[in-house]
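Chain identifiers are assigned alphabetically (A, B, ...) following the order of the sequence lines, protein sequences preceding nucleic acid strands; residue numbering begins at 1 within each chain.
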Amino acid sequence: MPELPEVETVVRGLRQRITGRTITGVEVYWERAIATPCPSEFAAQLVGQRIRSVDRRGKFVVMGLEGADLLVHLRMTGQLLVVPASQAHALRHVRVALALGDLLLIFNDARKFGRMALVPDARQWLAALGPEPLDPDFTAAALAARLQRRRLPIKSLLLDQRFLAGVGNIYADEVLHAACIAPTRPASSLSAAEAEALHAALQSELQRAIANRGTTLSDYRDAEGHSGAHQHTLRVYGREGEPCPRCGGAIARMRLGGRSSYHCPRCQR
DNA sequence: AACCTCACCTGCGGGC
DNA sequence: TGCCCGCAGGTGAGGT
């Protein structure tokens, strides 16, 4: 579910609500939600720690504690919700709850794919991730150089978190549409101008989605439990058979790398 | 390296 | 109403 814009929206909400708070209790209701260490260690090590920072790296939420980092990956249906302690009973899929004084930070996750990890240093844990698409150091020239070395379909490459961190199935389709590039094109076949267009589309599409507080198709909610609004402005994702907003051609759906893929065969080349 | 399928899970909507 | 099927924003493992 959540891709870069959704995780960024969650992180901004968390940062405002829980930075500086101390973890006063931990309840693990679904043990496999804790990737590392074992659930009892996880709880024991967290209690008493202060949350110093909340950041995003790719699709990971990274909470900086005093001697460790708490990582969360929401996968398909995970949510990180800040609720008053009295209100948690209304949630149906609570896997982990962190008490923060009179607030609860709830890890809610219907499909149980999401994971939390308590690690000594998040940087090591995340070292294999590719560059951040919104980082100023991520330039069009750098992208073009790395595209040249790969023959994978460009969409599959955009979904590879080691190549680029944070893009998922929705935004890969939207970005390629914005850049007028067919998802099946081998990455190395992109011209310099196309690489430039792809770079620009990554910036603008991801920024627009963040401004709209993310895409809610079903499960995504921000830290306050609010839906995003970007689903109303998607141009191709989920729109099979509808007219392309740019050229009027019919949006097509295909399978690519095992995922549903939407594009306009008329104006994406 | 590239490509495939399966596994991990639950819930929802469509067709009958 | 109920059952079965296919589908879902992600990723990692294992095979060819």
Side-chain angles (χ1 to χ4, degrees), chain A residues 1-11 29-36 56-61 71-80 91-96 107-117 125-130 133 146-177 183-189 205-206 208-210 212-222 226-241 253-262:
Chain A
M1 167 248 263
E3 308 180 28
L4 186 154
E6 291 75 36
V7 179
E8 180 64 26
T9 303
V10 168
V11 160
Y29 301 100
W30 175 253
E31 298 211 333
R32 291 169 65 185
I34 312 300
T36 186
R56 180 189 60 73
R57 176 77 173 95
K59 300 174 191 171
F60 287 85
V61 177
L71 298 174
V72 186
H73 197 301
L74 302 171
R75 294 286 184 99
M76 298 285 268
T77 56
Q79 303 169 336
L80 280 172
L91 298 166
R92 292 175 62 197
H93 307 292
V94 177
R95 308 306 177 198
V96 180
F107 181 49
N108 199 58
D109 184 13
R111 285 178 75 180
K112 300 180 173 173
F113 289 170
R115 294 290 182 265
M116 305 181 92
W125 193 264
L126 303 172
L129 285 180
R146 293 176 67 231
L147 289 174
Q148 279 189 343
R149 291 181 239 126
R150 306 294 296 269
R151 268 167 296 177
L152 209 60
I154 182 61
K155 175 171 177 187
S156 303
L157 193 56
L158 291 177
L159 293 180
D160 182 345
Q161 300 299 297
R162 292 164 302 183
F163 181 81
L164 189 65
V167 175
N169 204 34
I170 296 176
Y171 297 109
D173 282 357
E174 294 296 313
V175 162
L176 288 169
H177 178 264
T184 49
R185 285 274 302 282
S188 55
S189 77
E205 293 305 303
L206 294 172
R208 269 190 339 111
I210 292 170
N212 285 327
R213 305 183 55 79
T215 297
T216 297
L217 296 181
S218 59
D219 299 279
Y220 167 69
R221 300 291 183 278
D222 70 13
H226 298 131
S227 297
H230 195 67
Q231 62 278 10
H232 304 301
T233 67
L234 295 176
R235 296 184 174 124
V236 287
Y237 186 85
R239 301 196 173 281
E240 181 182 19
R253 176 186 184 178
M254 63 188 293
R255 281 257 158 209
L256 212 175
R259 324 282 308 273
S260 267
S261 207
Y262 300 88

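For DNA chain B, the stems formed by at least three consecutive Watson-Crick or G-U pairs, with both atom-pair distances below 3.5 Å, span B:2-8 with C:10-16, B:10-16 with C:2-8.
Taking the P atoms as reference points, B:dC9 lies 22 Å from C:dC4, given to the whole Å. Spacing between B:dC3 and C:dA8 at atom C1', rounded to whole Å, works out to 22 Å. Taking the P atom of each, B:dA7 and C:dC5 are spaced 16 Å apart, rounded to whole Å.
Using a 4.0 Å heavy-atom cutoff across all strands shown, A:Leu217 reaches at least one base atom of the nucleic acid. Within 4.0 Å of A:Pro153, counting heavy atoms only, lie sugar-phosphate atoms of the nucleic acid but no base atom. A:Ser156 comes within 4.0 angstrom of no nucleic acid atom, judged by non-hydrogen atoms across all strands. Using a 4.0 Å heavy-atom cutoff across all strands shown, A:Tyr171 reaches no nucleic acid atom at all. Among the heavy atoms of the strands lying under 4.0 Å from A:Arg253 are primed sugar atoms or P, OP1, OP2 only; no base atom is included. Looking at heavy-atom distances under 4.0 Å, A:Arg255 makes contact with sugar-phosphate atoms alone, never a base. Note on A:Arg92: only backbone sugar-phosphate atoms sit closer than 4.0 angstrom, heavy atoms only; bases stay farther off.
Residues A:Tyr171 and A:Asn169 have side chains not in contact (no heavy-atom distance under 4.5 Å, counting atoms from C-beta outward). Within the 4.5 Å cutoff, the side chain of A:Pro5 has no heavy atoms near those of the A:His230 side chain. Using a 4.5 Å cut-off on side-chain heavy atoms (C-beta onward), A:Glu174 and A:Leu234 make contact.
Contact check, A:Lys112 against B:dT10: a side-chain N or O comes under 4.0 Å of OP1 or OP2. At the phosphate of C:dC7, neither OP1 nor OP2 sits under 4.0 Å from any side-chain N or O atom of A:Ser260. Distances shown here put every side-chain N or O of A:Gln161 at or beyond 4.0 Å from the OP1 or OP2 atom of C:dG10. Listed pair A:Arg32 / B:dC9 meets the phosphate criterion, a side-chain N or O lying under 4.0 Å from OP1 or OP2. Of the side-chain N and O atoms in A:Arg115, none sit less than 4.0 angstrom from OP1 or OP2 of C:dG10.
Rounding to the nearest 0.5 angstrom, the gap separating the CG atom in A:Leu159 from the CD1 atom in A:Ile154 is 10.0 Å. Expressed to the nearest 0.5 Å, how far CE of A:Met116 lies from CZ of A:Phe107 amounts to 6.5 Å. Here A:Arg111 contributes atom CZ and A:Asp219 contributes atom CG; the two are 8.5 Å apart, rounded to the nearest 0.5 Å. With rounding to the nearest 0.5 Å, the separation of CD in A:Glu8 from CZ in A:Arg213 is 11.0 Å.
As a whole-Å value, the separation of A:Arg162 CZ from C:dT11 C1' is 10 Å. To the nearest angstrom, C1' of C:dC7 lies 12 Å from CZ of A:Arg259. Put simply, OH on A:Tyr237 is 10 Å from C1' on C:dC7, counting in whole angstrom units. Rounded to whole angstrom, the span from the CG atom of A:Leu129 across to the C1' atom of C:dG10 amounts to 13 Å. Between A:His93 atom NE2 and C:dA8 atom P the separation is 20 Å, expressed in whole Å. Separating the CG atom of A:Leu256 from the P atom of B:dT5 is a distance of 12 Å, rounded to the nearest angstrom. The distance between atom CG of A:Leu157 and atom C1' of B:dC3, rounded to the nearest whole Å, is 14 Å. Atom CD in A:Gln79 sits about 20 Å away from atom P in C:dA8, given to the nearest Å.
Put simply, A:Phe113 rests on the base of B:dC8: the two rings are less than 5.5 Å apart at their centres and nearly parallel, under 30°.
Listed nucleotides B:dC9, B:dA2, C:dG10 differ in distance to A:Met76; the shortest reach to its side chain belongs to C:dG10.
When each of A:Arg151 and A:Gly258 is assigned the nucleotide of DNA chain B with its nearest heavy atom, A:Arg151 is the one assigned upstream, toward the 5' end.
Between the side chain of A:Arg111 and the base of C:dA8, at least one donor-acceptor pair of N or O atoms lies under 3.5 Å.
By the 6.0 Å and 45° rule, A:Arg239 does not stack over the aromatic ring of A:Tyr262.
Distance alone, capped at 3.5 Å, places no donor-acceptor pair between the A:Asp173 side chain and the A:Ser261 backbone.
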